[in-house]
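Data first, discussion second: the structure below is written as structure tokens.
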Amino acid sequence: MTQFSYQLIAWYNQNRRELPWRDTTDPYAIWLSEIILQQTRVVQGLSYFQRFIMKWPDVFRLSEASEQEVLRLWQGLGYYSRARNLLASARQVVNDFDGVFPNDYKQLLQLKGVGKYTAAAIVSIAFNKPHAVIDGNVIRVLSRIFGIHDPVDTTSGMNQIEELADTLLNIKNPGIHNQAMMEFGALQCIPVSPDCRNCVFNDQCHALKFNLVQVLPVKSKKVKISQRYFHYFICTEAKGKICSLVLNKRSDQDIWKGMYDFPMIESTKEIQFEELQKDTSFLNWASNPDYTLTAVSDLFTHQLTHQKIFARFYHLRFNTDIILISKNDLSLVDNSKLDLFPLPRLIDRYLNKLNGINC
DNA sequence: AATACGGGGGA
DNA sequence: TCCCCAGTATT
């Protein structure tokens, strides 16, 4: 065992959080936790893990779920392709591996949504095989302590990280070592303003010695943020006590694929309602649109990583039955059934603020 | 090799 | 309000 791993694991044993997926060697639970934790903080993912494991305790149960159910339980976590891939992989495991999780790195890579990081995490944590994980925490810890100055989003920089991670790996306890590395990055060697005075590596940390803690890891790429305007139409129809509204299932190569929102017109700038009405696509999915504009929302902003969405909601109460003429992704839904549908955060927030749709 | 894909937390 | 975070699939 290297001195580094010895110190790291000693720190881990003192500071580790108790988390449900740390009480098990069940590869299903470990896989599920790793998919949830991709791009997601533990505090945010924890309750999702518990709900998933409660609802689908094993890979067979999950494989029988519908995509809509899985997306609905995933709602709010973001990166929804993870949820779709989760279901696809569960079915892969059942169909191709008799429901037994593969314990081989290369086989795990065949599963949708499982890349190098997740494959290494599963084989090391569930099967104690020596594969070093490399995630954002590991990159930060290694680049700071050992002074990797090349940008980590380049081949050169990443090769150095990989070589270092492989060298340092504790091959007797790769699962513990990997978890300790990530926990250390998550709790001690945090992105901004880490508490270096109380760090077990502060006598050997390159970044601390050369005052580079705020500089490392170096990243070369910067994202450009585009701005999009969503003009949503909440179209309702009242039939006795039943209030129905039109939902749109998103299917394009775009954000929120598989999630539901409303019919809308998108533009690159703000547009007045009078202009929207003239748009050729305005309500072109309804036969005989006969409506009353009953409310117009404030402008909502929704910040994503590389786009900023400005949304306004127009409430259109139809005076006659809504008849959908194009069999695209639209459907007429009873508003009491709304909680069956996976909704993007923006939509969910608006509906909650509204305290439900009324016709 | 470059780009797209959500949402939450902290400065 | 803006800035930061970061695995995988696709192109």
A:Tyr48 OH to B:dG7 C1', in whole Å, measures 9 Å
Proximity of A:Phe273 and A:Tyr314 rings by center, below 6.0 Å = yes
Is the phosphate of B:dG8, meaning OP1 or OP2, less than 4.0 Å from a side-chain N or O of A:Thr40?
-> no
Salt bridge (charged side-chain N to carboxylate O under 4.0 Å, His left out) with A:Lys278: which residues, sequence neighbours excluded?
-> A:Glu275
Under 4.0 angstrom, heavy atoms only, what part of the nucleic acid is A:Gln307 near: base, sugar-phosphate, or nothing?
-> sugar-phosphate
Nearest to side-chain heavy atoms of A:Tyr80, which nucleotide of B:dC5, B:dG6, C:dA9 = B:dG6
Ring centroid separation A:Tyr229 to A:Phe310 under 6.0 Å = yes
Using only side-chain N and O atoms of A:Thr118, determine if any of them is under 4.0 Å from OP1 or OP2 of C:dT8.
-> yes
Which is true for A:Arg84 with a 4.0 Å heavy-atom rule: it touches a base, it touches only sugar-phosphate, or it touches nothing?
-> nothing
For A:Lys257, which contact category applies under a 4.0 Å heavy-atom criterion: base, sugar-phosphate, or nothing?
-> nothing
Mind calculating the distance between CE (A:Met158) and C1' (B:dA2) to the nearest angstrom?
-> 15 Å
Integer-rounded Å distance: B:dG6 C1' and A:Gln75 CD = 13 Å
Shortest non-hydrogen contact from A:Ala120 toward A:Ala132 | CB-O, 3.8 Å
Please check if atom CD in A:Glu163 has more than 12 non-hydrogen atoms from other residues, nucleotides or ligands closer than 6.0 Å.
-> no
Hey, would you say the A:Phe4 and A:Phe201 ring centroids sit under 6.0 Å apart?
-> yes
Does the side chain of A:His315 come under 3.5 Å of the side chain of A:Thr236 through a donor N or O and an acceptor N or O?
-> no
Interatomic distance where CZ belongs to A:Arg140 and C1' belongs to C:dA6 [whole Å] | 10 Å
Nucleotide C:dT8, atom C1' - distance to CG of A:Leu87 in whole Å | 17 Å
N or O in side chain of A:His302 less than 4.0 angstrom from B:dG7 OP1/OP2 = yes
Return the 5'-most residue of the pair A:Arg349, A:Tyr79 with respect to DNA chain B, ranking by each residue's nearest nucleotide.
-> A:Tyr79
Does A:Trp74 place a side-chain N or O at less than 4.0 Å from the phosphate oxygens OP1/OP2 of B:dG6?
-> no
Would you confirm whether the ring centroid of A:Tyr350 sits within less than 6.0 angstrom of the ring centroid of A:Tyr232?
-> no
Of C:dA6, C:dT8, B:dG8, the nucleotide closest to the side chain of A:Gln44 is B:dG8
Base-pairing assignment for B:dG10 (Watson-Crick or G-U wobble, both under 3.5 Å) = C:dC2
Between B:dA11 and C:dA6 - P atom distance, rounded Å | 15 Å
Cation-pi geometry met for A:Arg51 and A:Tyr48 (6.0 Å, 45°) = yes
Contact class for A:Gln39 (heavy atom, under 4.0 Å): base, sugar-phosphate, or nothing?
-> base
Write down the distance separating the P atoms in C:dA9 and B:dG8, rounded off to the nearest Å.
-> 23 Å
Name the nucleic acid region contacted by A:Ser193, choosing base, sugar-phosphate or nothing; use a 4.0 angstrom heavy-atom cut-off, strictly under.
-> nothing
Check nucleotides 1-4 of chain C for protein N or O atoms closer than 3.5 Å to its own N or O atoms and list the pairs.
| from | atom 1 | to | atom 2 | distance (Å) |
| --- | --- | --- | --- | --- |
| C:dC2 | OP2 | A:Lys308 | NZ | 3.0 |

Provide, to the nearest angstrom, the distance between the CG atom belonging to A:Leu71 and the C1' atom belonging to B:dG6.
-> 13 Å
Nearest-neighbour nucleotide for the A:Tyr117 side chain, B:dG6, C:dC5, C:dG7 considered | C:dG7
Would you mind classifying the nucleic acid contact of A:Val43 as base, sugar-phosphate or nothing, using non-hydrogen atoms under 4.0 angstrom?
-> nothing
In whole angstrom, what separates A:Ile139's CD1 from C:dA6's C1'?
-> 8 Å
Rounded to whole Å, CG of A:Asn85 lies from P of B:dA4 at a distance of 19 Å
